[in-house]
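Each remark here refers to the structure printed beneath this line.
Since we're looking at a predicted model, the values are computed, not measured. Side-chain atoms are counted along with the backbone in the values below, which use heavy atoms only and exclude waters and symmetry mates. A note on names: the letters A, B, ... follow the listed sequences, proteins ahead of strands, and every chain is numbered from 1.
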Amino acid sequence: MTPEALAAVIREAIGHLADSDALQVDVPSEVHVERPRSRDHGDYATNAAMALAKSAGLPPRAIAELIARALQSVPGIAQAEVAGPGFINIRLDSAASGEVARQAVEQGQAYGRGSTLAGRTINVEFISANPTGPLHLGHTRWAAVGDAIARVLAAAGAAVTTEFYVNDRGVQMDRFGASVLAAATGQPIPEDGYHGGYIVDLAAEVVAEEPQLLELPAEERLAGFRESAYRRQLGQQQQVLALFRTHFDVWSSERALHESNAVEHGFEELRSHGHVFTADGAVWLRTTDFGDDKDRVLVKADGEYTYFASDTAYYVNKRERGFDLCIYLLGADHHGYVNRLRAVAACNGDAMETVEVLIGQMVKITRGGQEVKLSKRAGTIVTLEELVDEVGVDAARYSLIRYPVDSPLTLDLEVISQRTNDNPVFYVQYAHARISSVLRNAADLGIDWRTAAFDPGLLTQEREGELLASIAGYPRVVASAAELREPHRIARYLEELATAYHRFYDTCRVLPRSDESLTQTHIARLWLCAASRQVIANGLGLLGVSAPERM
RNA sequence: GCGCCCGUAGCUCAACGGAUAGAGCAACCGGUUUCUACCCGGUCGGUUGGGGGUUCGAGUCCCUCCGGGCGCGCCA
């Protein structure tokens, strides 16, 4: 029995009590079931009685008594007793606990997937870097976390589209082009240009492969270099992201937005809602109608569109493509955008909740405790590529996802490339490899556990119970990670699951020793192993981290 | 000045408003002569930055102060 199933049972019990007038309450839509820290408090505990006390006008313990008595007759529940201020502590019988092993094995990759977000059509936009340089560490955090969020949302039943918005228009692109051209022709790179070493490499590449560009008249030459370098740089970003296992369904170009007239179209939509006005020769969006500090300019007095104009049109475009939720992942240096983005939604006649902005704090990186400075302009940058080269995709992804994004993060390159428990990705992966080995050995011994009768009631050891409970908790972890947009919960959970497995393995012999014959207990433990492995693989899959069969 | 985020063990960090605030690392002590020891067990370690409040119950919610990060363009 999973905690969700138990919660449903408790809710049902409360419903019966309410129907029979034993208790005058509204049946709560959600019943909270938790795994108590201390096993003395049972397998699970619920605070339902305490939560109902106020509306029922009865002391929590009295309500708890009623519910507990009802639960005692439920199949699978071995014991239900009132404790403390009104908790109900519940003990399952071992067969009911053990059934989740069967569920996990039989459901396979589907185990843990849910439907809490079914019907939602969600756009997740992240990274959206300028195509004027390699992706650096901040982008890398989003590459890992954004991708994991998308996977987790999908696991909760949402239809998810991941999207990368390419800022390929405007002054930065011109500076980029000018920088590459300067490098190609031996001129000093402009003060306001890009000075990274990669500019020189790009310039050399362009010259080698498109020497004819050098022959063009000045203006066309500049444009030629800009476009060529842009294509190459974007291609490089795409290639590195693919290597990093971060997939985007849609690459959306700011330039294309303008060329397809989507910007003007977006303005019309907003105008029809009455939030566009003209002042001082500029066109504005009245975002202050919806909580922004100040109104924002869409078209400057000189006729140029602002960056915000594209953002606004892009939002309208997303809505027209059918997304009912637009999630943006932004760096902390962009948190000033939150209010105006939400205001854009409201100006479009949408609920402000249609826009959800996740703010990620900065990532610092150290090597052996010493900070590695990041500066895109100065060229001493740690790029996504360099990080992966140094620590590998699995360690990089896992380390970046493992922490909530709203706190600043410091990663030490030495630590996350070591195979210590400072670097738990290996700990989790090792559990998977270890189980794989056991299952291989079982096959070698000719044990066909899958078709043998599985008696979950034989899993009565304390550590078997802990492991089963951990497995049973997985679907809820996925659901809450999706609801809270916090994939780090998956990682933390996997570490606990791996611990539970290692502890189980330490005390419970799975396979028969050479002088032993095969028993039902061996079979039951093999099911437990297979279930554990399935859940680890599913969880790592949500993080985009591999689940190796051997290490 | 205004706004957002953060402050938890020596370090890096967890903890749907729930019971005695937890892991890993570091330090120290143990465990494998048969399934992967990249593992397991134990010891040490805390006024959750300070102070108020809300309630059956606060690391978590509210107020305030202190400390740190980031942002406040007709820039992108």
According to a strict under-4.0 Å criterion, is [X] in side-chain N/O contact with OP1 or OP2 of [N]?
{"X": "A:His488", "N": "B:A15", "result": "yes"}
{"X": "A:Asn423", "N": "B:U12", "result": "no"}
{"X": "A:Arg489", "N": "B:A15", "result": "yes"}
{"X": "A:Lys294", "N": "B:C74", "result": "no"}
{"X": "A:Tyr427", "N": "B:C40", "result": "yes"}

Please work out if [X] contacts a base, only the sugar-phosphate, or nothing of the nucleic acid, heavy-atom cut-off 4.0 Å.
{"X": "A:Asn339", "answer": "nothing"}
{"X": "A:Ala433", "answer": "base"}
{"X": "A:Glu486", "answer": "nothing"}
{"X": "A:Asp292", "answer": "nothing"}
{"X": "A:Arg169", "answer": "sugar-phosphate"}

Specify the separation, in whole Å, of atom [atom1] of [X] and atom [atom2] of [N].
{"X": "A:Glu495", "N": "B:A23", "atom1": "CD", "atom2": "C1'", "result": "8 Å"}
{"X": "A:Glu414", "N": "B:A26", "atom1": "CD", "atom2": "P", "result": "14 Å"}
{"X": "A:Phe504", "N": "B:U36", "atom1": "CZ", "atom2": "P", "result": "13 Å"}
{"X": "A:Arg463", "N": "B:C40", "atom1": "CZ", "atom2": "P", "result": "9 Å"}
{"X": "A:Met362", "N": "B:G68", "atom1": "CE", "atom2": "P", "result": "18 Å"}
{"X": "A:Arg340", "N": "B:C4", "atom1": "CZ", "atom2": "C1'", "result": "13 Å"}
{"X": "A:Asp333", "N": "B:G71", "atom1": "CG", "atom2": "P", "result": "6 Å"}
{"X": "A:Asp293", "N": "B:G3", "atom1": "CG", "atom2": "C1'", "result": "7 Å"}

Base-pairing mate for B:A21 - Watson-Crick or G-U, with both contacts under 3.5 Å: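 With both distances under 3.5 Å required, B:A21 matches none.
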Would you kindly compare A:Arg513 and A:Tyr403 by the position of their nearest RNA chain B nucleotide and give the one closer to the 5′ end?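 Of the two residues, A:Tyr403 wins.
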Taking the nucleotide of RNA chain B with the nearest heavy atom to each, does A:Tyr307 or A:Ala51 sit closer to the 5' end?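 Taking each residue's closest nucleotide, the earlier one in sequence belongs to A:Ala51.
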If you check every side-chain atom of [X], which of [options] has the closest atom?
{"X": "A:Phe426", "options": "B:C35, B:A14, B:C38", "answer": "B:C38"}
{"X": "A:Ala282", "options": "B:C74, B:U36, B:U34", "answer": "B:C74"}
{"X": "A:Pro404", "options": "B:A19, B:C13, B:C70", "answer": "B:C13"}
{"X": "A:Ser514", "options": "B:U36, B:U34, B:C75", "answer": "B:U34"}

Is A:Tyr505 stacked on the base of B:C35, meaning ring centres closer than 5.5 Å and planes within 30 degrees of each other?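 So yes, this residue stacks on that base, both cut-offs being met.
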Closer than 3.5 angstrom, by distance alone: can the side chain of A:Gln429 be matched with the main-chain N or O of A:Ser546 as a donor-acceptor pair?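 Confirmed, A:Gln429 side chain pairs with A:Ser546 backbone.
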Sub-3.5 Å donor-acceptor pair from the side chain of A:Asn47 to the main-chain atoms of A:Phe87, do we have one?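 Looks like no, no N/O pair under 3.5 Å.
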Taking the inter-plane angle between the rings of A:His275 and A:Phe290 on a 0 to 90° scale, is it parallel (under 30°), tilted (30 to 60°) or perpendicular (over 60°)?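 Perpendicular.
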According to the interplanar angle, ranging from 0 to 90°, do the rings of A:His258 and A:Tyr305 count as parallel (below 30°), tilted (30 to 60°) or perpendicular (above 60°)?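 Geometry flag for A:Tyr305 against A:His258: perpendicular rings.
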Between B:G18 and A:Asn47, counting only base atoms on the nucleotide and side-chain atoms on the residue, is there a donor-acceptor pair under 3.5 Å?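 It does, because a donor-acceptor pair links the side chain of A:Asn47 to the base of B:G18 below 3.5 Å.
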Is any side-chain heavy atom of A:Phe454 closer than 4.5 Å to a side-chain heavy atom of A:Leu459?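 They are in side-chain contact.
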Would you please indicate if the ring centroids of A:Tyr328 and A:His334 are separated by under 6.0 Å?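 That pair fails the under 6.0 Å test.
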